[in-house]
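Only one structure is covered here, and it is reproduced in the block below.
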Amino acid sequence: MNKLYTLLFASISFSGFAQNTCANALPITAGLHTITVVDGAEVPALICAANGTGATAGEWYTYTPTADYTLTVTTDLPVNTGRDTRFHVYTGFCGAFTCHAGDDDAGSGFLSVASFQVEQGMTYYIAFDNRWDSNGFDFELTETPPVTPPVPSLTFTPELIPTMGGSYKLAVADMNGDFLDDIVTVSEGEIQIHYQEATGGFTPVTIATDLADFLPTWSIAIADYDKNGFSDILYGGGSGVTFMRANGTGTAFEEISGAEYVFSQRSNFVDINNDGHLDAFVCHDVQPNVFYINDGFGNLSHNQGGMGDHPNGGNYGSIWVDYDNDGDPDLFIAKCRGGQTTAKINELHRNDGNGVFTDVSVSSNMADSVQTWSSAWNDYDNDGFMDALVGASSTADGTHKFMRNLGDGTFEDITTGSGWDLNESLNIEHISFDFDNDGYADVMGGGNKIMFNNGDLTFSPTVYAFGVGAVGDLNDDGFLDVQSGSTIYYNDGNDNNWIKVNLQGIQSNSQGIGARVELYGSWGKQIRDVQSGIGFRHMSTMNVHFGIGEATEIDSVLVKWPSGIIDVIQTPAINESIIMVEGTNQLSLLEEEGKSVILFPNPTTEVLYAENLDVLNVKRIYVVSQLGQIVMEGATNTTEFDVAHLEEGLYFFIVETTNGQKYGQSFVKK
């Protein structure tokens, strides 16, 4: 009788009802708990899990451990099959929280689970919301011995920005053309911009707008698509797309919403047809993808199909990256569907130029059914070709895939032994930056982890107190920071060196989106592609950032613009930002003795002429493809070069002199 009474009492204690506000949060301990319905009046405002805002109610608990533990919070229980849950875990106090953990879909189906370290005597707030479902469910807290994590080689310091408003805190981008990363938050009827000041800190400005037909419930992308010097904003909504177009002074926005139905997922700005004007692309969840072509006057026309045509959609995470090094951005689509539908097979579309795309998913070995909402692309081994981390959001059809670009149009699965095979943390967001400035690109993903690149195609995790957010250099110190909700997590940095490259396009789009930036030094070569819209929902910096580790010199920075122009700066200073203006530092043949050494005609179909070569002591002449391959050797005693046998594309005509100098100029073979 006493035993039965004890069990009944424990069941009642662990099944208490959560209170409806933070101030009245219900204290709980380890064990099983029940929420009958999510209907609390206070909605968790600081989002620590994926999928942003949209909840209308919350349920609040506090948990204070009696010892140091690894705590697991989970709704992934058989009784909850068919439910869709989300929770956030905070430290601090009501009204001044810091994210500690959280999860949306890491469990089976759409259930939630997260494990994290907790300290004896510290109070943690656990808040469930109804982002997807108000129905009741059970959840469980499990305490296990603490895992002592290694001391991180890189640390971050949080700073709450109390002036930061807006329901959608998703974006970091340069909004006014000063090459400093600003913070953008959006609400219905207003846009708030925290302008970063050159002297440090931020100046917040709130701009009233017409009510948007569609708010960025799924994604946000930013770029200056009308070339007026101020960035515009794309809202990816659940029923359509809204563009907020900045005026010529950046003080107002014009609301433009299309009538077409679009269940938006990832959105991007990109020059699809390479006409020098930015277009927009939006993944469609339930239909073929859509895109908006810019007529050159800032007017965007809606199109559908041609880049992801599955009738059932399944399109989640688009990213534009030049995987084949031919000078134009290609499209990879991370796809997600349950069951047996082919709508869940990832797609790679090769850009063949002039707006024509070819599906090379199968031939490239990138067709895979892993359920993924995003992929993180970078040159992880610094061999000059972009590799891919396809990040899993569920284990129903496999887990993370680490794919190495072999440089011949195909990819090799090298997940086993890379560290990604041991990473059980799932997420909808995976993004890549060099956070520790060691010269190797890292990946931020699930489990509040940064997977640090060891430089040998292996990765090691470090767990932080925050998850994936918008990334940029928010104090202009050369180390990348993370903005999550109303908190900036400032990168404390280390002794590694760096350089930032800011682009100003002239013939190309004004922010150089789609450009390839190459960095040369004692380490060899690093590359970056300039992109608007990576990961799944956030917008991160378009400024190009390189870490160079302990190196103290850089040989050169080279920019290959979408227009075909190539600019180069020799021996730039380290630990500084440089500005590359299209066409002002061209990699070109020189002028000697008042004579310009030039190539003509350019473009050419059969013959290329070099004028005034006699002013140089020529040792060697050769032609290099965009893949870096020497495709032709030329005679040094002629000024006429037969290029008829070359395939169409962009090439580099290189002249090497007897004193070891090299000069080059690009030309187009038609």
Over 60° means perpendicular and under 30° means parallel, so classify the ring planes of Tyr225 and Phe243, tilted if in between. perpendicular
Can you say whether the rings of Tyr464 and Phe156 are parallel (under 30°), tilted (30 to 60°) or perpendicular (over 60°)? perpendicular
Would the [X] and [Y] ring centres measure less than 6.0 Å apart?
X      : Y      : answer
Trp218 : Phe263 : yes
Phe435 : Trp498 : no
Phe459 : His400 : no
His302 : Tyr292 : yes
Tyr195 : Phe202 : no

Are the charged groups of [X] and [Y] less than 4.0 angstrom apart, N to O?
X      : Y      : answer
Glu518 : Lys525 : yes
Asp285 : Arg337 : yes
Arg516 : Asp529 : yes
Lys401 : Asp368 : yes
Asp322 : Lys560 : no

Using the side-chain contact (heavy atoms from CB on, under 4.5 Å) rule, pick out the option among Asp567, Ile499, Val568, Val544 that qualifies with Val557.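 Single side-chain contact (heavy atoms from CB on, under 4.5 Å) partner of Val557 among Asp567, Ile499, Val568, Val544: Ile499.
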Given Asp434, Asp438, Leu519, Asn575, the one that forms side-chain contact (heavy atoms from CB on, under 4.5 Å) with Ile548: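 Looking at Asp434, Asp438, Leu519, Asn575, the match for Ile548 under the side-chain contact (heavy atoms from CB on, under 4.5 Å) is Leu519.
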Let me know which of Trp420, Phe385, Tyr440, Phe402 forms a ring pair (Phe, Tyr, Trp, His ring centres under 6.0 Å) with Tyr380. Phe402
Check the pair Asp226 / Arg245 against salt bridge (Lys or Arg N to Asp or Glu O under 4.0 Å), numbers first and verdict last. CA-CA 8 Å; Asp226 58 357; Arg245 182 176 173 180; 3.0 Å; yes
Are [X] and [Y] packed together at the side-chain level, in the sense that at least one heavy-atom pair is separated by less than 4.5 angstrom?
X      : Y      : answer
Val262 : Val241 : yes
Phe411 : Met386 : no
Gln265 : His284 : no
Ser267 : Phe281 : no
Val517 : Phe546 : yes

Decide if atom CZ of Phe479 counts as having more than 12 heavy atoms of other residues, nucleotides or ligands within a radius under 6.0 Å. yes
Quick one: do the [X] and [Y] side chains pair a donor with an acceptor below 3.5 Å?
X      : Y      : answer
Thr358 : Asp352 : yes
Thr209 : Glu255 : no
Glu582 : Ser563 : yes
Thr541 : Asp181 : yes
Trp377 : Ser375 : yes
Gln196 : His194 : no
Thr185 : Lys169 : no
Asn315 : Lys335 : yes
Asp224 : Ser231 : no

Does Asn405 reach the main-chain N or O of Gly409 with its side chain, forming a donor-acceptor pair under 3.5 Å?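 Answer holds: no.
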For Ser187, is there any backbone N or O sitting under 3.5 Å from a side-chain donor or acceptor partner on Ser167? no
